Amino acid sequence: MAVRVPSMGLHRSSPLLSGGGRGKICAQKMPFLVQAKRLGGLETASTRSRGTQESGQAKKRTPLIRGTVSPPLPVPGNIPRPPYVGTKDVPEIAKEIQMHDKESIVHMRAACELAARVLEYAGTLVKPSVTTDEIDKAVHKMIIDAGAYPSPLGYGGFPKSVCTSVNECMCHGIPDSRELQDGDIINIDVTVYLNGYHGDTSKTFLCGEVDEASKRLVKVTEECLLRGISTCKHGTSFKKIGRRISEHAERNGFGVVECFVGHGVGRVFHSEPIIYHQRNNKPGQMVEGQTFTIEPILSMGSIDCDMWDDGWTAVTTDGSLAAQFEHTILITRTGAEILTRC
């Protein structure tokens, strides 16, 4: 899910915060992204702003404001919970690497396949006038009907079963009563806990008639994810992921958000390795049988984030649009298997 990094230099004086906006934290990934930390070896990369991409401007949108957040939805008692459920503290990023044998790979594939199907279904609900709370309810029902637990629910106190991040929200948006508008873009981040394993994936969807500049941001972000995955195989340095993503994003005039990272995933929701999406010189190599997420966020403007006072919602400091895509992958001897692809 997401981890707050207190030394990230968040802009708490933003009008989005002072105007009653939701509070969000910029850092680790929610069942989604793991926020990087300065301590414990997880260093937050330096932040810098990028100019708005040159191929046309996105249409003007009303800044996001907080809607009404309904109570958390119930989960049947017979469905196993992850160990963090029932505590308010955000779990530490586990040091253990998520490695798999033949049996555990079967379980990972099942969890990831369910997450992919849920995400695909959630995308069909994206239409003008639909609320993100309605999307949360539908996602929640599909997950529990499959005998799984929605991993975001109760992670560090997160109150919902899915993350819905609209327009300038980078990630970890909390579903609420706000209705989607024609021309919005929305990232839906789904993680399920099935038979003791987490499957984690997200995608940015278009709502109604979206302008060409926003479509291009979404398209390039997905291309960045796939290019990052294409570098992966046993023995490859993790830093190649960030280099490949940065090259493609910059070539197209977009900035790569640095305050959120990918992470190991499996029996544990968030573990090492930490996957940086920007250029970096971090050590480490991929190992066959390992699973982790890659989940780049691209912005049309600033790559810095403001946190809403809900402790989760992270928005761009200048209100520019952001898009994100994510897959859970399994490292093989010759490449990478995308586990969260339908």
Side-chain angles (χ1 to χ4, degrees), residues 1-3 27-36 81-85 90-91 93-94 96-100 104-105 107-123 136 139-140 142-143 146 148-156 158 160-165 170-173 187-204 221-222 225-226 228-229 232 241 260-277 290-297 312 324-331 336-342:
M1 207 159 176
V3 171
Q28 129 194 353
K29 156 185 189 96
M30 218 175 145
F32 332 76
L33 253 189
V34 177
Q35 178 168 328
R81 272 76 165 153
Y84 53 76
V85 173
V90 176
I93 298 171
E96 64 186 274
I97 303 298
Q98 304 292 294
M99 297 294 297
H100 301 280
S104 61
I105 286 175
H107 291 304
M108 274 300 293
R109 286 196 177 109
C112 289
E113 189 270 340
L114 174 59
R117 286 194 291 108
V118 172
L119 180 61
E120 196 73 13
Y121 169 62
D136 178 75
V139 164
H140 181 89
M142 184 172 179
I143 292 173
Y149 185 90
S151 302
L153 183 62
Y155 181 92
F158 192 79
K160 289 295 181 177
S161 300
V162 69
C163 292
T164 53
S165 302
M170 292 177 171
C171 60
H172 305 167
N187 176 271
I188 301 177
D189 194 333
V190 172
T191 310
V192 306
Y193 183 68
L194 179 66
N195 296 322
Y197 292 81
H198 296 274
D200 192 1
T201 185
S202 84
K203 179 177 180 178
T204 298
T221 305
E222 183 172 22
L225 169 62
L226 296 178
I229 293 172
C232 296
I241 297 171
F260 293 91
V261 297
H263 54 88
V265 65
R267 284 190 172 273
V268 178
F269 196 168
H270 296 126
S271 75
E272 295 190 5
I274 299 305
I275 306 300
Y276 295 89
H277 303 113
Q290 181 177 46
T291 51
F292 56 84
T293 70
I294 302 177
E295 42 190 309
I297 304 171
W312 290 107
Q324 181 187 23
F325 283 80
E326 173 188 12
H327 276 309
T328 297
I329 66 171
L330 168 69
I331 297 302
E337 178 184 347
I338 299 175
L339 300 178
T340 45
R341 175 176 279 169
C342 283

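Both backbone and side-chain heavy atoms feed into the values below; hydrogens, waters and symmetry mates do not. Just so we're clear, the structure is a prediction, and the values are computed from it rather than from any experiment.
- Side-chain contact between Phe260 and Pro296 is absent, with no heavy-atom pair separated by less than 4.5 Å.
- Rounded to the nearest 0.5 Å, atoms CD (Glu113) and SG (Cys342) are 7.0 Å apart.
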* **Chi angles and distances behind the side chain to side chain contact (heavy atoms under 4.5 Å, CB included) call for Ile274, Ile93** => CA-CA 9 Å; Ile274 299 305; Ile93 298 171; 4.0 Å; yes
* Would you sort out whether Phe325 and Thr204 count as a side chain to side chain contact (heavy atoms under 4.5 Å, CB included), showing the intermediate values? => CA-CA 6 Å; Phe325 283 80; Thr204 298; 3.9 Å; yes
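- When all heavy atoms of Asp136 and Lys160 are compared, the pair lying nearest together is OD2-CD, 3.4 Å.
- Of all non-hydrogen atoms in His198 and Val268, the two that sit nearest each other are CD2-C, 3.7 Å.
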* Report the C-alpha separation of Ile188 and Leu119 in whole Å, then their side-chain angles, then the decisive distance to 0.1 Å, and conclude whether the side chain to side chain contact (heavy atoms under 4.5 Å, CB included) test is met. => CA-CA 7 Å; Ile188 301 177; Leu119 180 61; 3.9 Å; yes
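- Closest approach of Gly228 to Ile241, counting heavy atoms only: O-CG1, 4.0 Å.
- Atoms CD1 and CZ, on Ile143 and Arg117 in that order, are 10.5 Å from each other to the nearest 0.5 Å.
- In this structure, the separation between CE on Met108 and OG1 on Thr328 is 5.5 Å, given to the nearest 0.5 Å.
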* Is there a side chain to side chain donor-acceptor pair (under 3.5 Å) between His172 and Ser165 once you walk through the steps? -> CA-CA 6 Å; His172 305 167; Ser165 302; over 6 Å; no
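- The shortest distance between side-chain heavy atoms of Val190 and Tyr121 does not fall below 4.5 Å.
- Under the 3.5 Å distance criterion, with hydrogens and angles disregarded, a donor-acceptor pair is assigned to the side chains of Asp200 and Thr191.
- Contact annotation: the side chain of Ile297 approaches that of Cys171 to within less than 4.5 Å [non-hydrogen atoms, C-beta and beyond].
- Summarising the geometry, atom CD1 belonging to Ile329 is positioned 10.0 Å from atom CD belonging to Glu337; distances are rounded to the nearest 0.5 Å.
- One finds no salt bridge joining Lys203 and Glu326 here, because no Lys/Arg side-chain nitrogen approaches an Asp/Glu carboxylate oxygen to under 4.0 Å.
- Side-chain atoms of Cys232 and Ile331, non-hydrogen and from C-beta on, do get closer than 4.5 Å to each other.
- Taking the six-membered ring for Trp and thresholds of 30 and 60 degrees, Tyr84 and Tyr155 have ring planes more than 60 degrees apart, a perpendicular arrangement.
- Neither side chain, His263 nor Ser271, offers a donor N or O lying under 3.5 Å from an acceptor on the other.
- In this structure, CD1 on Ile294 lies 6.5 Å from NE2 on His277, to the nearest 0.5 angstrom.
- Val162 places none of its side-chain heavy atoms less than 4.5 Å from the side chain of Pro150.
- Taking a 6.0 Å sphere around CZ of Arg341, one finds it holds 12 or fewer heavy atoms contributed by other residues, nucleotides or ligands.
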* Can you check side chain to side chain contact (heavy atoms under 4.5 Å, CB included) on Gln290 and Leu330, steps first, answer last? -> CA-CA 6 Å; Gln290 181 177 46; Leu330 168 69; over 6 Å; no
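- The two residues Gly199 and Ala115 have their closest heavy-atom pair at O-CB, 3.5 Å.
- Looking only at distances, a side-chain donor or acceptor of Gln324 sits under 3.5 Å from a matching main-chain atom of Glu295.
- By the 30° and 60° cut-offs, the orientation of the rings of Tyr197 relative to His107 is parallel.
- Leu114 contributes atom CG, which lies 11.5 Å from atom OG1 of Thr201 (distance to the nearest 0.5 angstrom).
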* Verdict with supporting geometry, Glu96 and Arg267, salt bridge (Lys or Arg N to Asp or Glu O under 4.0 Å) -> CA-CA 10 Å; Glu96 64 186 274; Arg267 284 190 172 273; over 6 Å; no
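- Residues Tyr193 and Ser151 approach most closely at N-OG, 3.4 Å, considering heavy atoms.
- The side-chain heavy atoms of Val85 and Leu153, taken from C-beta on, include no pair separated by under 4.5 Å.
- Closest approach of Ala146 and Leu194 over heavy atoms only: O-CD1, 4.1 Å.
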